[in-house]
Number of protein chains: 2
Amino acid sequence: MALFLSTTVNKVDTKGRVSVPAAFRSALAGQTFHGIVAMPSFKYPAIQCGGMEWMEELSNSVNAYDFFSDEHDALTATLFSKTVQLSFDGDGRIVLPSSLITHAKITNKAAFVGRGPLFEIWEPEDFYAYQLNATNIASEQKLTLRPPPQKSKEEKH
Amino acid sequence: MALFLSTTVNKVDTKGRVSVPAAFRSALAGQTFHGIVAMPSFKYPAIQCGGMEWMEELSNSVNAYDFFSDEHDALTATLFSKTVQLSFDGDGRIVLPSSLITHAKITNKAAFVGRGPLFEIWEPEDFYAYQLNATNIASEQKLTLRPPPQKSKEEKH
DNA sequence: TGGGATTATATGGGATAGCATGGATATTTA
DNA sequence: TAAATATCCATGCTATCCCATATAATCCCA
């Protein structure tokens, strides 16, 4: 599975074009769709992205819900309807749709942020502010130093 | 699993290049990614490093947290976004990114410090000062001489 | 066991290829 | 036909590769 690491800031030109970092592109190499899938994050002013295989995994988790349930409705309404396919041009660039640009408040620069199996696109200053806060949370709770306690099905709410 | 032992000091040239000690490289031999992964340490002005397999283990630990929780967000925002892949060149060297160089205050020399499953890169003088600190040594020895606590479901809060 | 030869490692510098970026031209869509 | 979209080309910059050399470690044989 593709692993997206590190953070890269690239320029967004007047047409909304921006280069996807080469490291991210090579992480997607081998997938059938030559590009990414992108959707607005519902927690942050950011764009959540991944390869088509990642999208298929999300689709499978949705299928775990009952077809007639409210959860199924809510997930499909947000997940699939707001997701766009953005194919690479010959130079590894994508064109950000205006809806995603306004959602992430992006102007002329975009931060590509690795998050493991997925990555996000942020307005750089917004991300730095968020990252500073997140680092404090992680270090205060010492989350990284050892594996967290294993979850069992019985304890989950 | 790779084991990193002993300490080696190597030169950092004007391009930020530095040789990874041969012993560390041979410890990583056999892994699919020909290089290391590196991230800034939370606690010290040092760089924490390991092989890709080590990174995948960290990634799995993250998965133990609820996908939609703030802890999961905080961890991925710090872990993956600050981690970089550094591949070896033909001579076993890596290029340290400027962000990591400034974090560890490295100028023209780098100390590679073995820490078992991972290793750290320090500015040599900083590391000697840290190593000579009696309280650090004492606390670390207490940790290493004691077997790691067994995790059971009962201990969890 | 000693000393010379050979290999591995670390380090420096220059050439090359890939990447990000801007602009121009073709193609589609309304 | 105009606007929006996609494809192609040019360029500066940076990272990567390749080769040369010095030093240290190892090996081999007398």
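Here is the naming used below: chain letters follow the sequence lines, and residue numbers restart at 1 for every chain. Everything numeric here is computed off the predicted structure, so don't read it as measured data.
Taking only distance into account, the side chain of B/D91 meets the base of D/dC19 through a donor-acceptor pair shorter than 3.5 Å.
In this structure, the side chain to side chain contact (heavy atoms under 4.5 Å, CB included) partners of B/E57, at least two apart in sequence or on a different chain, are B/M1. Checked against ring-ring contact (aromatic ring centres under 6.0 Å, His included), B/F127 has the following partners two or more places apart in sequence or in another chain: B/W122.
Atom CG in A/D89 sits roughly 15 Å away from atom C1' in C/dT27 (whole-Å rounding). Across the protein-nucleic acid pair, A/N10 atom CG and D/dT14 atom C1' stand 13 Å apart, rounded to whole Å. Rounded to whole angstrom, the span from the CG atom of A/L86 across to the P atom of D/dT5 amounts to 12 Å. Spacing between atom CZ of B/F88 and atom P of C/dT9 amounts to 12 Å, rounded to whole angstrom units. The distance from atom CD1 of B/I94 to atom C1' of C/dT11 is 15 Å, rounded to the nearest whole Å. The distance from atom NZ of A/K109 to atom C1' of C/dT21 is 12 Å, rounded to the nearest whole Å.
Comparing C/dA10, C/dA20, C/dG13 against the side chain of B/R17 picks out C/dG13 as the nearest. In the set C/dG12, D/dT16, C/dA20, the nucleotide with an atom closest to the side chain of B/K15 is D/dT16. Of the candidate nucleotides D/dC9, C/dT9, C/dG12, C/dG12 has the atom nearest to the side chain of B/K11. Taking the side chain of B/R93 as heavy atoms from C-beta on, and the options C/dA10, D/dC17, C/dG13, the nearest nucleotide is C/dG13. Relative to the side chain of B/D13, the nucleotides C/dA10, C/dG12, D/dC9 differ in distance, and C/dG12 lies closest. Nearest to the side-chain atoms of B/V95 among the listed nucleotides D/dT16, D/dC9, C/dA10 stands D/dT16. Taking every side-chain heavy atom of B/R25 into account, C/dT9 is the closest of C/dT9, D/dC17, C/dA20. Of the candidate nucleotides D/dC18, D/dC9, C/dA20, C/dA20 has the atom nearest to the side chain of A/A22.
Aromatic ring orientation, B/F88 versus B/H34: perpendicular (interplanar angle above 60°, classes split at 30° and 60°). Aromatic ring orientation, A/H72 versus A/F67: tilted (interplanar angle from 30° to 60°).
Heavy atoms of A/V9 sit nowhere under 4.0 angstrom from any nucleic acid atom. Heavy atoms of A/V12 sit nowhere under 4.0 angstrom from any nucleic acid atom.
Between B/T76 and B/S81 the shortest side-chain heavy-atom distance does not fall below 4.5 Å.
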